[in-house]
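Let me begin by presenting the structure, written as structure tokens, before commenting on it.
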Amino acid sequence: MNYLVIGEPATVKEVMRRTDDFAPSNALTSVVPLAPATLRILSKAKFALPPVLASATGEKHRRVRKAVAGFFTPAKVAAVTPHVRELTRHHLAQTAAALEVGPVDLSLSLARHVPPVIMAELTGQDNPPLTDLKTWSRDSLELFWGWPSPERQLELAGSAADFYGWLRAEVIASRGRDSLFGVLLAAGLSTAEVCSLGYFLVIAGQETTSQLINTALFRGIGLGAAGWAGLASSERAIAHVHTVLATESSVHTWRRATIHDTELNGVVLPAGAEILLELSGRHAPDAPPTAYSLAFGHGLHRCLGAKLAELETRIVVEEAAAALPELELAGPEPDWLRLLSFQTPTSVLATRGPR
């Protein structure tokens with residue numbers, strides 16, 4: 001697929017703002033065509049992703065967005081702050097004990113644990129077992145935003161089908177409940193529509209935040225002893241997270257397509273043109289402090305969990321720097337997950353330096 005890549009922040013905002021000219025219809029489309037055998041696996045699982053939130057526009061999108069936003073209000077996000085800190089300290093204590101034996105992968109001991117618990121608390125929806133959740137999330141991201149071979153697609157599709165099966169059962173069981181899925185069903189969405197929304201919301205609500213935490217920890221520890229220990233300051237931790245968001249957010253690109261022939265910066269784009277928007281990594285060093293916020297999108301499709309993701313990442317970094325100021329990176333440079341729209345170090349191996 002050939003994309004028109006747009007990185008200049010003001011132009012990215014313009015494209016996201018002009019919903020009558022640029023549609024999110026391709027936002028959740030697989031980057032590579034799915035092979036017939038892959039589609040058969042998904043079809044057998046009744047896998048369907050009708051446009052609802054991230055890939056939709058119009059009045060229905062606004063109603064659904066308003067309903068979902070009610071679960072992530074500033075007051076509700078602020079209310080979970082003590083629990084975020086409590087969970088972080090719990091897993092840091094376990095991490096500290098493990099560090100007495102040898103190097104520890106913080107992506108496994110710390111970053112992956114907090115977001116799923118908080119997401120479940122805010123939405124009222126249970127999580128599958130953590131190992132399943134993480135496997136399903138990573139596999140689905142690779143299936144839709146990676147470049148898997150037809151053989152690899154079969155493995156990923158089996159995982160996606162299992163994820164969808166769990167999700168569909170969870171949606172059906174939510175009818176009548178005061179939970180996110182229950183509220184959406186009560187608002188008139190079909191089971192397939194709620195599953196479509198939930199499929200990527202479950203991933204976005206925890207996996208992309210865990211990925212952001214990975215990068216923030218990796219870059220924070222990489223600052224050296226003084227720089228890392230300094231992130232125990234809330235103010236410095238916030239600034240550090242904002243820098244990571246502006247330079248290498250876990251969601252670094254997003255897609256749009258032109259609805260009809262339209263003009264952008266004096267250039268006429270044909271209907272159906274595929275556009276790749278760079279959300280992170282293109283801000284000038286002297287960009288205003290709000291530049292980082294483009295990492296969460298802009299306008300009608302701005303991420304509803306932006307403040308939650310910032311909060312969780314900042315607290316994990318702040319608490320980790322306070323509890324383990326002597327951390328140093330261990331081992332060689334980690335491998336990175338590099339998908340069209342997602343990136344993160346696949347491990348954050350750390351050890352104790354001199355105390």
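Every value quoted in this text rests on a predicted model; they were computed, and no experiment measured them. Computation of the quantities below employed the complete heavy-atom set of this structure, encompassing side-chain atoms and omitting hydrogens, waters and symmetry-equivalent molecules. Position 1 is the first residue of the sequence; numbering continues from there.
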Show your reasoning for whether side chain to side chain donor-acceptor pair (under 3.5 Å) applies to Thr247 and Arg219. CA-CA 11 Å; Thr247 57; Arg219 295 304 184 198; over 6 Å; no
Is there a path of hydrophobic side-chain contacts, each under 4.5 Å between heavy atoms of I, L, V, M, F, W or Y residues, that connects Leu329 with Leu349? no
Anything under 30° is parallel, anything over 60° is perpendicular, the rest tilted; go ahead and classify Trp166 against Trp136. tilted
Looking only at atom types and distance, does a side-chain atom of His113 sit under 3.5 Å from a main-chain N or O of Leu108, one as donor and one as acceptor? yes
What do you reckon, are the aromatic ring centroids of Trp254 and Phe22 less than 6.0 Å apart? no
Would you call the rings of Phe47 and Phe144 parallel, tilted or perpendicular if under 30° counts as parallel and over 60° as perpendicular? parallel
Leu156 and Leu154: same hydrophobic cluster, using ILVMFWY side-chain contacts below 4.5 Å? no
Taking Thr73 for the side chain and Gly70 for the main chain, is one N or O donor matched with an acceptor at less than 3.5 Å? no
Quick one, Ile118 and Leu311 - any side-chain contact, counting heavy atoms below 4.5 Å? no
Would you say that more than 12 heavy atoms from the other residues, nucleotides or ligands in this model lie under 6.0 Å from the CZ of Arg17, or not? yes
Main chain of Phe72, side chain of Lys307: is a donor-acceptor contact present, judged purely on distance under 3.5 Å? no
Under 4.0 Å between a Lys/Arg side-chain N and an Asp/Glu carboxylate O for Glu310 and Arg314? no
Derivation and outcome, side chain to side chain donor-acceptor pair (under 3.5 Å), residues Glu170 and Gln125: CA-CA 8 Å; Glu170 181 71 13; Gln125 300 294 158; 2.9 Å; yes
Full working for side chain to side chain donor-acceptor pair (under 3.5 Å) between Thr38 and Gln153: CA-CA 6 Å; Thr38 305; Gln153 285 182 27; 2.9 Å; yes
Take Ser341 and Thr253 through the test side chain to side chain donor-acceptor pair (under 3.5 Å) and record every step on the way to the result. CA-CA 5 Å; Ser341 292; Thr253 72; 2.9 Å; yes
Thr346 side chain vs Asp335 backbone, donor-acceptor pair below 3.5 Å: yes
Connected via hydrophobic side-chain network under 4.5 Å: Leu92 and Leu327: yes
What about Ile221 and Ile238, same hydrophobic cluster or not, with Ile/Leu/Val/Met/Phe/Trp/Tyr joined at side-chain heavy-atom distances under 4.5 Å? no
Quick check: is Ile259 connected to Val268 through a chain of hydrophobic side chains (ILVMFWY, heavy atoms under 4.5 Å apart)? no
Side-chain touch Leu28/Trp145, heavy atoms, less than 4.5 angstrom: yes
Could you check whether any side-chain N or O of Thr344 sits under 3.5 Å from a backbone N or O of Leu337, counting only pairs where one atom can act as donor and the other as acceptor? no
Are any of the side-chain nitrogens in Glu207 or Arg138 under 4.0 Å away from the carboxylate oxygens of its partner? yes
